[in-house]
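These notes concern the structure reproduced below.
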Amino acid sequence: MKSIPLILMGCGGVGRQLLQHIVSCRSLHAKQGVRLRLVGVCDSKSLVVASDVFTMDLDDAFLAEVCRVKLNGSSLLTLSNFGQCEVFSNTESMEKVTEIAARLGKSTGLALVDCSASSETTGVIRKVIDLGCCVVLANKKPLTSSMEDYDKLVSHPRRIRHESTVGAGLPVIASLNRMLSSGDPIHRLIGSLSGTLGYVMSEVEDGKPFSQVVKAAKALGYTEPDPRDDLSGMDVARKALILSRLLGRRINLDRINIESLYPKEMAPNVIPVEDFLLNGLPLLDKGIQERVQKASSNGNVLRYVCVIEESRCEVGIQELPKNSALGRLRGSDNVLEIYSRCYSEQPLVIQGAGAGNDTTAAGVLADIIDIQDLFS
Ligand SMILES: NC(=O)c1ccc[n+]([C@@H]2O[C@H](COP(=O)([O-])OP(=O)(O)OC[C@H]3O[C@@H](n4cnc5c(N)ncnc54)[C@H](OP(=O)(O)O)[C@@H]3O)[C@@H](O)[C@H]2O)c1
Ligand SMILES: *[C@@H]1O[C@H](CO)[C@@H](O)[C@H](O)[C@H]1NC(C)=O
């Protein structure tokens, strides 16, 4: 039986769902001859680790308790009395993870799984890569900082997986890697990679006011608590940067042209979110409505997309033919059109739910299983 020791960083919606998937897949994985062994779990404030990472794991009852505690909004510190584990505070926890990586890296190996939404994990991820360990990421931040960090993270391509950073569980990165490694050059990527903005653009196409659509999306739980986090385009830009770098472009986030759907005067540091929803948003209705009508008179529709082509990398609203995969998109699905030598006239299209704890966590789990050959 192959055994893969894991440390999970982040127990939010995705991290907890991953723990649940791991537990419910126990017998499936056993049939495949793999066992996932949780040796540590951390959030923003603390780290819990099995008291002996070589011989002991955080068992399934412990993991259920982790999920319960975090769902209640409590701290992992409350677990110090539950089972055989050690608890470390924020200041020591990254050092402790590095220390475990140093020990396990030499013997059984370790996979560090980043389901946080923090840029602060980059340092420890760089270190564990150097120590011979593997990393699996749902977190985009470590892959979208400096080129130097990126080069370090991908310096051992077999030891890193990050499928869920773009399109959640959709096989975007895997498909692109297969094409690239078979020598099929990709000349154009165009995609709607935000479920929120996909929903918003298809609703305004039906003539509904932008402000109402954004409020409805918020009510449906499609947006971040402050919808400007989605409307700024930053999240799409990070995905665009990950795709560009995968295609070999050596660029940073500041090289991407990003169209924000609200003006600077309505930025979070200028007006509070309630004010934005009540007074700011309605001022944007007319502009969007005019653009929708102009596109429609050309027989086109508007989509909020990323476009990657030669040296160009842009994120924003584009007018696209109605009769294309992106033009036909309705609701919150993600769609990516890939144009290459093999797919030159008609693109390869990847479509489906591109967000959600369940699909994202499933993508992370599949990534972990995908690196099993590196473990004994
Ligand atoms: N949800 C989706 O549909 C989706 C789709 C694709 C990708 N993703 C990505 O998946 C990641 C997780 O998403 P989520 O929705 O689960 O986020 P979330 O609910 O906000 O959870 C984030 C978790 O990370 C922890 N954390 C923050 N800083 C940390 C640090 N420095 N070290 C260790 N842990 C830290 C938080 O700790 P506390 O509990 O102490 O706050 C929290 O448990 C994000 O990067 C997101 O962009 C999400
Ligand atoms: C993901 O998990 C978070 C935290 O538990 C929850 O608030 C959110 O509704 C979940 N999202 C979906 C789409 O299930």
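Atoms within each ligand, like the ligands themselves, are counted from 1 in listed order.
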For a quick check under 3.5 Å, do Asp114 and Ser116 share a side-chain donor-acceptor pair by atom type?
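Yes, Ser116 and Asp114 have a side-chain donor paired with an acceptor closer than 3.5 Å.
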
Donor-acceptor side-chain pairing of Thr55 and Asp52 below 3.5 angstrom:
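Yes, Asp52 and Thr55 have a side-chain donor paired with an acceptor closer than 3.5 Å.
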
Heavy-atom check, side chain of Tyr304 versus side chain of Val236, under 4.5 Å:
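Yes, their side chains come closer than 4.5 Å.
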
Pick one: which of Leu76, Val49, Leu58 meets side-chain contact (heavy atoms from CB on, under 4.5 Å) with Cys85?
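Per the side-chain contact (heavy atoms from CB on, under 4.5 Å) rule, the option paired with Cys85 is Leu58, out of Leu76, Val49, Leu58.
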
Reference residue Arg188; test side chain to side chain donor-acceptor pair (under 3.5 Å); the match among Glu337, Glu309, Glu310:
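The option that passes is Glu309.
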
Determine, for Lys322 against Glu205, whether the closest basic-nitrogen to carboxylate-oxygen distance falls under 4.0 angstrom.
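No, Lys322 and Glu205 are not salt-bridged.
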
At a 4.0 angstrom heavy-atom cut-off, what protein residues surround ligand 2?
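Those residues closer than 4.0 Å to ligand 2 by some heavy atom are Gly13, Arg16, Asn357.
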
Flag this pair as yes if the NZ/CZ of Arg228 is under 6.0 angstrom from the six-membered ring centre of Phe276 and inside a 45 degree cone about the axis; otherwise no.
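Yes, a cation-pi geometry holds between Arg228 and Phe276.
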
Any chance OH of Tyr339 has more than 12 other-residue heavy atoms, nucleotides or ligands included, within less than 6.0 Å?
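More than 12 within 6.0 Å, yes.
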
If you count heavy atoms of other groups shown closer than 6.0 angstrom to CZ of Arg178, is the number above 12?
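Check fails, neighbour count at 12 or below.
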
Close N/O pairs between ligand 1 and protein, under 3.5 Å:
residue	atom	partner	partner atom	Å
ligand 1	3 (O)	Gly356	N	2.7
ligand 1	16 (O)	Gly13	N	3.1
ligand 1	16 (O)	Val14	N	2.8
ligand 1	19 (O)	Gly13	N	3.2
ligand 1	34 (N)	Asp43	O	3.4
ligand 1	37 (O)	Ser44	N	3.1
ligand 1	39 (O)	Lys70	NZ	2.8
ligand 1	40 (O)	Ser44	N	3.1
ligand 1	40 (O)	Ser44	OG	2.6
ligand 1	43 (O)	Cys11	N	3.0
ligand 1	43 (O)	Gly12	N	3.2
ligand 1	45 (O)	Ser116	O	2.7
ligand 1	47 (O)	Lys140	NZ	3.3

